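The block underneath contains the structure these notes are about, expressed in structure tokens.
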Amino acid sequence: MNTKTILFLISFILLHFKFLAQNCELTTRELIHQLTYKIDTIDAKTYENVFVEQNLVLVIQKPEEYFQKEYPNIFIKKGLCYYFKSIEGEELKACAIDTSIDFKENLQYEFKGIYCNNLLIYISGYESWGHLSVSLLDGMTFSTLGKPITSNCKLIYSYSQNYGEEEITIFDVATKKQLVLIIDSWFTDESKQDDNNIFFKMKSMNCLEKEIYLRVSIK
């Protein structure tokens with residue numbers, strides 16, 4: 001191996017570690033910004049001292065036919081799909097399409113249960129997934145990538161990985177507004193909620209054993 005090759009390899013390795021070092025920093029970007037909020041870091045002791053009641057995810061499980069019968073104006077199936085109006089005014093759908101012609105066109109849904117007067121529906125397709133929360137009061141629907149979590153039914157949040165991006169969604173039930181944050185190269189190891197404060201224990205995907213504790217406060 002000649003000197004030129006050795007220098008090239010050294011430069012490549014140094015650049016690689018520099019790139020990893022840069023990716024060890026946690027930065028957030030806003031995908032949707034409808035809520036006033038503050039985000040800061042806290043230490044591990046502060047995080048551990050946060051006391052919360054058991055988070056609610058699902059309370060009551062009912063079969064699909066129950067919702068068709070009890071809420072006929074909301075759960076109307078047209079063909080293979082249910083259609084819902086989103087809080088942004090767009091159309092959301094839950095479909096069951098099973099085709100052998102092109103597996104990429106396959107879609108599935110599952111009625112998971114009731115929480116906070118919402119029906120939670122899990123939807124999936126080719127390299128896609130998500131959750132719909134359908135209000136049993138008016139049918140208005142919001143979507144999250146991860147499973148919704150809440151301890152007070154006032155603020156509902158979720159987190160999930162999407163090909164190296166951590167997507168955190170916070171939804172205000174009263175105002176029907178939301179905040180969606182994207183964090184590259186980090187993932188949520190666990191979370192807690194205390195009233196309007198949501199805490200995230202984050203771990204780096206590039207730097208072993210590196211942790212950061214985030215507090216997101218909704219104003």
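Values in this document were obtained by computation on a predicted structure and should not be read as measured data.
- Residues Ser133 and Pro148 approach most closely at OG-CG, 3.7 Å, considering heavy atoms.
- Under a cut-off of 6.0 angstrom, the local environment of CD in Gln61 is sparse, with at most 12 non-hydrogen atoms contributed by other residues, nucleotides or ligands.
- The aromatic rings of Phe200 and Tyr159 sit perpendicular to each other, their planes meeting at more than 60°, with 30° as the lower class boundary.
- Between Asp40 and Arg215 there is a salt bridge, since at least one side-chain N of the basic residue sits less than 4.0 Å from a carboxylate O of the acidic one.
- Under the 3.5 Å distance criterion, the side-chain polar atoms of Asp138 are matched with a main-chain donor or acceptor of Met140.
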Derivation and outcome, side chain to side chain contact (heavy atoms under 4.5 Å, CB included), residues Thr27 and Asp184: CA-CA 7 Å; Thr27 58; Asp184 293 318; 5.7 Å; no
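- At a threshold of 4.0 Å, the pair Glu166-Lys203 does not count as salt-bridged, since none of the basic side-chain nitrogens sits closer than that to a carboxylate oxygen.
- Within the 4.5 Å cutoff, the side chain of Lys78 has heavy atoms near those of the Tyr83 side chain.
- Hydrophobic clustering (side-chain heavy atoms under 4.5 Å, transitive across Ile, Leu, Val, Met, Phe, Trp, Tyr) groups Leu92 together with Phe67.
- A distance of 12.0 Å separates CD1 in Ile170 from OG1 in Thr144, rounded to the nearest 0.5 Å.
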Working for salt bridge (Lys or Arg N to Asp or Glu O under 4.0 Å), residues Asp172 and Lys177: CA-CA 5 Å; Asp172 187 317; Lys177 294 182 179 180; over 6 Å; no
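- Clustering ILVMFWY residues whenever any of their side-chain heavy atoms sit less than 4.5 angstrom apart, transitively, puts Leu132 in the very cluster that holds Ile60.
- Under the 4.5 Å side-chain criterion, counting only non-hydrogen atoms from C-beta, Asn117 is in contact with Leu137.
- Aromatic ring centroids of Tyr82 and Phe111 lie under 6.0 Å apart.
- Across all their heavy atoms, Ile87 and Lys176 have their closest contact at CD1-O, 3.5 Å.
- In plain terms, the two heavy atoms of Tyr157 and Ser191 that are nearest each other are OH-OG, 2.7 Å.
- With a 6.0 Å radius and a threshold of 12 heavy atoms from other residues, nucleotides or ligands, Lys112 has its NZ atom at or below the threshold.
- Summarising the local packing, NZ of Lys69 is surrounded by 12 or fewer heavy atoms from other residues, nucleotides or ligands at distances under 6.0 Å.
- Legend: residues meeting side chain to side chain donor-acceptor pair (under 3.5 Å) with Glu30, ordered by chain and number and at least two apart, are His33, Tyr37.
- Shortest non-hydrogen contact noted between Asp195 and Leu155 is O-CD1, 4.2 Å.
- Listed by chain and number, the hydrophobic cluster partners of Leu107 are Leu80, Ile97, where partners are ILVMFWY side chains within reach of under 4.5 Å, directly or through others.
- Listed here is the closest heavy atom pair of His131 and Leu145: ND1-O, 3.1 Å.
- Put simply, the side chain of Ile182 does not reach to within 4.5 Å of the side chain of Thr28, judged on heavy atoms.
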